[in-house]
Amino acid sequence: MAQTKWNLPAAYPADNPHSVNLIAFAKDVADATGNKLQITVHPAASLFKAPEIKRAVATGQAQAGEVLISLHENEDPMFGIDVIPFLATSYPAAKKLWLASKPAIEKKLASQGLMLLFAVPWGPQGIYAKKDLNTVEDMKGLKWRAYNVGTSRIAELVGAQPVTIQAAELPQALATGVVNAFMTSGSTGYDSKSWETMTHFYDTQAWIPKNVTFVNKAAFDALDKPTQEAILKASAVAEERGWKLAEEKAKWYLEQLQANKMKVLPPPPALKSGLEKIGEQLTADWLKKAGSDGEAVIAAYKK
């Protein structure tokens, strides 16, 4: 019984739900193979930084890895389909979008020597503000934190002023008034103690980004059949567990915002319809880049 050892670099802290799920996945594989295949998870970007993980696995420097797939949108628009604002605004919709885009994403990864194992979502994105927002017109003139293409475009379309701020700099930017509104998940709002400066959280579920875990195809092909089957089975379990965990955790974060006296609200109807129009505009922008492959995926999703 030869023992095989694999490394799986990941970008998030060890106590992050994504890392916790990966560690459980590695244990499931070890248990199912009688420790024949041992996967060591390296969280917190300790082996490779987030943008380097995918290439490291493709070139065989690591056998498996996990990344926020939208980091690689510049390689292929399909990798950014889950950050189109207001396209999929609930976990069931996000799951449907994932299933519609999965074949195209698998094909692109395969062309890079990678095989997809599973995908797990983050928390939905909502709007933090310190005043009532009843329509998109109420967002005009806000100093709006931007951190990707979508958040910058939203600012442009509503007449807000985009200010680029990374998550780590957010508490300081809020304390000094550099920004007075932003869109992010409940977890980032919780981590940055948003209740110290903000009063409202609108649960718009603007998009639900995902991490994907993949393996170097040549490394997978080198394993015997029972070991390959153990990996695929553990992957299916990890995907299901990860989606469930994400939903539970998203709810918990919003409860923490409420416990700290923030108003956690659904978007008022006029704000919701205004945001949906912006979503249509941003979907059209994305389709221009993605072409016919993108059109096919969006059509399958909307069916």
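Since the structure is predicted, the reported quantities are computational estimates derived from the model, not experimental observations.
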Completion exercise
Note: with side-chain heavy atoms under 4.5 Å as the link, the other cluster members for V20 come out as none
Problem - Residues clustered with Y190, ILVMFWY side-chain links under 4.5 angstrom - result: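 Under the 4.5 Å side-chain rule, Y190 groups with Y128, V163, I165, L170, L174, V178, V179, F182, W195, M198, F201, W252, Y253, L254, L257, M262, V264.
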Would you say [X]'s side chain and [Y]'s backbone share a donor-acceptor pair under 3.5 angstrom?
X    : Y    : result
Q161 : G141 : no
T188 : S185 : no
N180 : K143 : yes
D138 : N134 : yes
Q125 : Q205 : no
Q172 : E169 : no
S101 : L97  : yes
N216 : V57  : yes
Q38  : W6   : no

Salt-bridge test for [X] and [Y]: reply yes if a basic N is under 4.0 Å from a carboxylate O, no otherwise.
X    : Y    : value
K108 : E75  : no
K289 : D285 : no
K272 : E276 : yes
R153 : E156 : yes
D76  : K107 : no
D28  : K233 : no

Starting from [Y], can I reach [X] by hopping between I/L/V/M/F/W/Y residues whose side chains sit under 4.5 Å apart?
X    : Y    : result
V215 : L37  : yes
L47  : V41  : no
Y301 : L287 : yes
L22  : L116 : no
W243 : F25  : no

Handout entry: Exceeds 12 heavy-atom contacts within 6.0 angstrom, atom NZ of K131
Key = yes
Problem - K244, NZ: over 12 other non-hydrogen atoms inside 6.0 angstrom - result: no
Problem - Ring-ring centroid check W122 Y12, cutoff 6.0 Å - result: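 Close enough - the centres of the two rings lie under 6.0 Å apart.
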Mind checking whether [X] and [Y] have side chains closer than 4.5 Å, heavy atoms only?
X    : Y    : result
P209 : L68  : yes
P85  : I278 : no
K210 : W98  : yes
N260 : K193 : no
W207 : I84  : no
T4   : K36  : no
M183 : T204 : yes
T227 : V29  : no

State, to 0.1 Å, how close [X] and [Y] come at their nearest heavy-atom pair, and which atoms those are.
X    : Y    : value
H72  : F79  : O-CD1, 3.3 Å
Y202 : L133 : OH-N, 2.9 Å
P121 : I208 : CB-CG2, 3.6 Å
A14  : S19  : O-CB, 3.7 Å
H200 : L265 : CD2-CD1, 4.0 Å
P124 : Y91  : CD-OH, 3.4 Å

Exercise for the section: Could you please spell out the steps behind the side chain to side chain contact (heavy atoms under 4.5 Å, CB included) verdict for T40 and L8? Expected result: CA-CA 6 Å; T40 304; L8 194 163; over 6 Å; no
Exercise for the section: Could you walk me through whether T135 and L271 pass the side chain to side chain contact (heavy atoms under 4.5 Å, CB included) test, one step at a time? Expected result: CA-CA 4 Å; T135 68; L271 178 63; 5.6 Å; no
Exercise for the section: For E240, check salt bridge (Lys or Arg N to Asp or Glu O under 4.0 Å) against everything at least two apart and list the hits. Expected result: none
Practice task
Could you go through the side-chain hydrogen bond (donor to acceptor under 3.5 Å, both in side chains) check for K5 and Q63 one step at a time?
Solution key: CA-CA 9 Å; K5 290 188 190 301; Q63 293 78 16; over 6 Å; no
Practice task
Could you go through the side-chain hydrogen bond (donor to acceptor under 3.5 Å, both in side chains) check for N148 and T151 one step at a time?
Solution key: CA-CA 6 Å; N148 67 4; T151 46; 2.9 Å; yes
Problem - Spacing of T33 atom OG1 and E229 atom CD [to the nearest 0.5 Å] - result: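 Reported value, rounded in 0.5 Å steps: 13.0 Å.
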Handout entry: Worked check of side chain to side chain contact (heavy atoms under 4.5 Å, CB included) between R145 and T184
Key = CA-CA 9 Å; R145 174 221 175 190; T184 191; 3.8 Å; yes
Handout entry: E66/N21 under side chain to side chain contact (heavy atoms under 4.5 Å, CB included): CA gap, chis, key distance, verdict
Key = CA-CA 11 Å; E66 179 200 57; N21 191 36; over 6 Å; no
